[in-house]
Amino acid sequence: MQPTEELFRDDATLAECDATVLAVETDGGIVLDRTVFYPQGGGQAGDAGELLATDGRRVAIADTRKHPEHPGVVVHRAAEGADLSWLAPGTAVRAAIDVARRQAHRRFHSATHLLCALVPQPVDGCSITAGYARLDFHMTEPLDKDLLGAGLARLVAEARPVHTRWISEDELDANPQLVRSMSVQPPRGQGRVRLVEIEGLDLQPCGGTHVANTAEIGAVVVTKIEKKSAKTRRVVLGFADT
Ligand SMILES: [Zn+2]
């Protein structure tokens, strides 16, 4: 099965694209030749949305995952009970994501990179959803909720541009300090790795969807800091405006 063309990697603002169905799997997984749907990975939840036909038929997509057997193939998971009878290899569809959910993922994901800049310890866990983001730091010292919240607000207000660029796996191997996270290793096997840079602040391999400027993150708050284990401090973020 050919790898899916992942349009969201180079433009996280794309809300929809035209695509062709390549396969409909027995468990309701739909494979397209190209997509704007981000598959769960790197701690970030998958996109939801819908696939639309030109005649108005549609199928709701509840989640997006990486294919368990075929590297680089994105699987769109149809919502429970969806009618897939009109979908077959060759069917033309318009793939449209749930933009509000994606925007929440973008804001939270970039916010977690700001947290990485504020807390220099290694990351050993990460979860980014539309409702919250949490990041686990490998450390024993306590973290101050108010200080972190103020730091985040300052970095958001600095309105720093966020860029992505690709490097080869060989370049990454030559610069191991770029791997910021202990648990989330950059996706391998396609010869190149994407870097996300928050100008003047943070640079790390990451395949996720980000805002274009930290100002777009808006009002985030540290809702909780937990001592998850003797060597882990968990920081949970929420939106102040929801
Ligand atoms: Zn990331």
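Note that the numbering runs from 1 along the sequence shown for the chain. First listed ligand is number 1; within each ligand, the first listed atom is number 1. No hydrogens, no waters, no symmetry mates; every other heavy atom, side chains included, goes into these values.
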Next item on the list: Over all heavy atoms of both residues, which pair between A130 and F108 is shortest? Give the atoms and the distance, please.
Entry: O-CE1, 3.7 Å
Using only atom types and a distance under 3.5 Å, with no angle test, would you say the side chain of [X] pairs donor to acceptor with the backbone of [Y]?
{"X": "S110", "Y": "H210", "answer": "no"}
{"X": "E171", "Y": "S168", "answer": "yes"}
{"X": "T129", "Y": "G131", "answer": "yes"}

Next item on the list: Begin with the C-alpha distance, continue with both residues' side-chain angles, and end with the deciding distance and a verdict on side-chain contact (heavy atoms from CB on, under 4.5 Å) for R34 and E6.
Entry: CA-CA 6 Å; R34 61 210 295 264; E6 300 178 327; over 6 Å; no
Check: Charged N to carboxylate O below 4.0 Å: is that the case for R160 and E158?
Finding: yes
Item checked: If only protein N, O or S atoms under 2.8 Å count, total around the Zn ion (ligand 1) -> 3
